[in-house]
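Data first, discussion second: the structure below is written as structure tokens.
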There are 2 protein chains.
Amino acid sequence: MTPELRHLRYFVAVAEHLSFTRAAVALRVAQQSLSQQVAVLERSLGVRLLDRDTRGTRLTELGRLFLPEARAVLARADEAVATVGRAARGEIGRLSLAFLVSTANYMLPPVVRAFRERFPEVELTTEDVTIGDLVTGLREGRYDAAFTRPPLVDDLTTRTLVTEPVCAVLPTGHPLADRAELHLRDLAAEPWVLTSPASWPPWHQKYDRDFARAGYAPDVVARATGVPNLLGLVAAGVGVSRLASSARSLRRTGVVFVPLVGERAETVVVWNPSVAKPVLRNLLDVVTELAAAVDLTRAG
Amino acid sequence: MTPELRHLRYFVAVAEHLSFTRAAVALRVAQQSLSQQVAVLERSLGVRLLDRDTRGTRLTELGRLFLPEARAVLARADEAVATVGRAARGEIGRLSLAFLVSTANYMLPPVVRAFRERFPEVELTTEDVTIGDLVTGLREGRYDAAFTRPPLVDDLTTRTLVTEPVCAVLPTGHPLADRAELHLRDLAAEPWVLTSPASWPPWHQKYDRDFARAGYAPDVVARATGVPNLLGLVAAGVGVSRLASSARSLRRTGVVFVPLVGERAETVVVWNPSVAKPVLRNLLDVVTELAAAVDLTRAG
DNA sequence: CAGGGGTCACAGTCTCCGACTGTAATGGCC
DNA sequence: GGCCATTACAGTCGGAGACTGTGACCCCTG
């Protein structure tokens, strides 16, 4: 029979008190039970650990050697329990985050900074991804959470972190460029530059609805992949576009951002609700707090 | 309640087989008992380690993290048991040896070499001591064993390792120096150089008996402390002496060693019989073997 | 020197934990 | 639908580990 942790605890207690009687009191068991269990330990090791007689108890040579061993085993066991406890509270572990390329610019730094400050021992990995990779990555468990723009899909849960104005994006010198604000219908006659609808149909269905509500279908003269490219095309005077105002930080020259009345863009954190990971809960807490405390669209 | 090693063993088995049923077979317990004990472990940790349903068992995120922890605890426990086992077999531990200064010269190197070869992990300390320190050191447990010359005392156990001739020690050019052998009575008229009787009475009582048997009391003209000094006095022509032949190695010039017929000197290993230390048994085995195999008086 | 307080060990009893058996619920596959 | 997996639930049993009571022994003290 191989010893159990109880036997080691008992032995350590006796070794520390150098008395079965006092150790038994400390362990809240009867002295006789303690004697018995230590004897079991000694028999299972095939070794005498304690010299006991009527005037007390002393460690044998082997007992002196085994004491630190027993302590080490107990300490390792405590550590294992503590580790799993901390993991259960989400204080350690791995967290994989995905950022939509167009939100990474302003979301990643504050999010990562805030989370690492609160949970420095969580191994954090981040990736900039396209919307397609983001959704499949969340579904397949490759990412624990992601930051992106709605609308998304029903099987993933989202929480809105930021809402910001949507702006018309015009080339510098455009006739409407000095307006304080615009309506979407003001741009009915303009040539448009938009992203490719293949990237994420739900977005483009929303755009289509917006344009339909404004009473026209835009004359799309160019398609860009990625916001920087799109801004480049606008700066080149190819056409106008519409973007969340936080995109302003991606290009400072050649384009003008004019708020579109009544249009808002959201940035959300999204996760797979079937994954119940403690670290994830902590991330959600941190980013929710963070979004309430600071204006993330300006934090990049 | 804090987990026992059994719980960890059970969990590791299930995690390795990814099946309660198969793990139960391997552990030679019923599946139901195994399920119950793993559930106890999970409850005591406050954490779900395994996802189980009708089509099998998989580790949870936390289970995956706890598995190496559990393995580490079990490994540490095994190591502790193995360590005390090796200590019980005398393969590890500490061994403190004392050598009488006059025997250290030829005994220490072969003894230490042989022992370290057989038991390289025993921490060996050696000390050259006078006979008085040697005896009290053994009695007080400061040394585990010592190498010296008899006679000693009843409360210490001795085992003879080497017997060798006793020689008359004469200055070079002494009239008797070219004899092949001598009897003690041949030296009745000589001036004698001996060690101080205060060093260890039992020795000098034996000397006195030897001289009495030879029919005279020696004319002691000088007392030396330590064999090298004694040899120096003989070389200086102060007188003659008698020493074990192994003392030859301490001085090569100015003295001549002539065997004394019928006189033998012993070198013994001595230990405290009330100390039952596994390393000590191994030492005794090694030196007994060693003494049987080689002539230790020439090994220095 | 006797008595009290301390040590640990032995013997007997009891309780509860961890094992067992038997059964149920469920899912995948032919 | 029946068969073969899986794990879970319920009830029973045996033994390990707890307890109490007692004894032997040592040391100190009055």
Side-chain angles (χ1 to χ4, degrees), chain A residues 1-60 62-64 66-67 70 74 77 274, chain B residues 1-64 66-67 70 74 77 81 274:
Chain A
M1 197 205 88
T2 165
E4 289 291 334
L5 291 180
R6 174 169 30 83
H7 296 121
L8 302 184
R9 266 187 278 271
Y10 282 15
F11 165 65
V12 169
V14 175
E16 280 173 352
H17 290 88
L18 287 179
S19 155
F20 279 79
T21 314
R22 288 196 299 277
V25 171
L27 291 169
R28 309 173 155 277
V29 297
Q31 165 261 314
Q32 293 85 338
S33 309
L34 183 54
S35 291
Q36 189 188 345
Q37 291 304 302
V38 171
V40 168
L41 173 63
E42 289 179 326
R43 281 205 319 125
S44 77
L45 293 177
V47 149
R48 190 152 197 82
L49 296 171
L50 296 153
D51 275 335
R52 32 218 195 266
D53 56 31
T54 62
R55 73 182 168 288
T57 299
R58 294 159 305 286
L59 280 166
T60 62
L62 288 171
R64 200 154 30 246
F66 189 61
L67 179 56
L74 292 171
S274 71
Chain B
M1 197 204 87
T2 164
E4 289 291 335
L5 291 180
R6 174 169 31 83
H7 297 121
L8 302 184
R9 267 187 277 272
Y10 282 15
F11 165 65
V12 169
V14 174
E16 280 174 351
H17 290 89
L18 288 178
S19 156
F20 280 79
T21 313
R22 286 195 300 276
V25 171
L27 292 168
R28 309 174 154 277
V29 297
Q31 165 262 313
Q32 292 86 338
S33 309
L34 183 54
S35 291
Q36 188 188 347
Q37 291 305 303
V38 171
V40 168
L41 173 63
E42 287 180 328
R43 281 204 321 126
S44 77
L45 293 177
V47 147
R48 189 152 198 80
L49 296 172
L50 295 153
D51 275 335
R52 30 214 194 272
D53 55 31
T54 61
R55 72 183 168 287
T57 299
R58 293 159 305 285
L59 281 166
T60 62
E61 183 93 3
L62 288 171
R64 204 157 21 249
F66 188 61
L67 180 56
L74 292 172
V81 172
S274 72

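Here is how names work: the chains are called A, B, and so on, in the same order as the sequence lines, proteins then strands, and each is numbered from 1. Quantities reported herein were computed from a predicted structural model and do not represent experimental measurements.
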- Under 4.0 Å between any heavy atoms, over every strand shown, what does A:Arg58 touch: base, sugar-phosphate, or nothing? Just pick one. nothing
- Query: Less than 4.5 Å apart, any side-chain heavy atom of B:Phe66 and any of B:Val47?
  - Reply: no
- Message: With nearest nucleotide decided by heavy atoms, which residue, A:Ser35 or B:Gln36, maps closer to the 5′ end of DNA chain C?
- Response: A:Ser35
- Message: What's A:Thr21 touching, base or sugar-phosphate or nothing? Going by heavy atoms closer than 4.0 Å.
- Response: sugar-phosphate
- Note on the structure: A:Asp53 atom CG is separated from C:dG6 atom P, nearest whole Å, by 17 Å
Polar atom pairs (N or O), protein with nucleotides 22-29 of chain C, under 3.5 Å:
from	atom 1	to	atom 2	distance (Å)
C:dG22	O6	B:Gln32	NE2	2.4
C:dG27	O4'	B:Thr54	OG1	2.6

- Message: Is any side-chain heavy atom of B:Leu49 closer than 4.5 Å to one of B:Leu59?
- Response: no
- Item | B:Leu45 CG to B:Leu62 CG distance, which is reported to the nearest 0.5 Å | 9.5 Å
- Message: Please confirm whether the shortest side-chain N or O distance from A:Thr57 to OP1 or OP2 of C:dT7 is below 4.0 Å.
- Response: no
- In terms of the nearest nucleotide of DNA chain D, which residue is placed more toward the 5' end: B:Leu18 or A:Arg28? B:Leu18
- Item | Atom-pair distance (CZ on B:Phe20; P on D:dT6), nearest Å | 12 Å
- Counting heavy atoms not belonging to A:Arg58, are there more than 12 under 6.0 Å from its CZ? yes
Would you tabulate the nitrogen or oxygen pairs shorter than 3.5 Å linking the protein to nucleotides 1-3 of chain D?
none

- Message: Rounded to the nearest 0.5 Å, what separates atom CZ in A:Arg6 from atom CG in A:Leu41?
- Response: 10.5 Å
- Query: Within the structure, does a side-chain N or O atom of B:Ser33 lie under 4.0 Å from either OP1 or OP2 of C:dG18?
  - Reply: no
- Item | Check against side-chain contact (heavy atoms from CB on, under 4.5 Å), B:His17 and B:Thr57 | CA-CA 9 Å; B:His17 290 89; B:Thr57 299; over 6 Å; no
- Task: Go through the steps for A:Gln37 and A:Ser33 under the test side-chain contact (heavy atoms from CB on, under 4.5 Å), then give the verdict.
- Result: CA-CA 6 Å; A:Gln37 291 304 302; A:Ser33 309; 5.5 Å; no
- Expressed in angstrom and rounded to an integer, what is the separation of B:His17 atom NE2 from D:dA5 atom P? 16 Å
- Message: Taking only side-chain N and O atoms of A:Arg6, does any of them lie within less than 4.0 angstrom of OP1 or OP2 on D:dA16?
- Response: no
- Message: Without decimals, in angstroms, what is the distance between A:Arg43 CZ and D:dG17 C1'?
- Response: 14 Å
- Message: Rounded to whole Å, how long is the line connecting atom CG of B:Leu50 with atom C1' of D:dA8?
- Response: 14 Å
- Message: What is the distance, to the nearest angstrom, from the CD atom on A:Gln37 to the P atom on D:dC19?
- Response: 11 Å
- Item | Listed nucleotide nearest any side-chain atom of A:Ser19, set C:dT7, D:dC19, D:dT7 | C:dT7
- Apply the test side-chain contact (heavy atoms from CB on, under 4.5 Å) to residues A:Arg9 and B:Thr2: give CA-CA distance (whole Å), side-chain angles for both, the deciding distance (0.1 Å), then the verdict. CA-CA 11 Å; A:Arg9 266 187 278 271; B:Thr2 164; 3.7 Å; yes
- Message: Can you measure A:Arg52 atom CZ to D:dC26 atom C1' for me and round it to whole angstrom units?
- Response: 17 Å
- From CG of A:Leu34 across to P of D:dC19 the rounded distance in Å is 10 Å
- Message: Quick one, A:Phe11 and A:Leu50 - any side-chain contact, counting heavy atoms below 4.5 Å?
- Response: yes
- Message: Just verifying a value: how many Å separate B:His7 NE2 and B:Leu34 CG, rounded to the nearest 0.5 Å?
- Response: 10.5 Å
- Quick one: which of C:dA19, C:dG18, D:dC19 gets closest to the side chain of B:His7? C:dG18
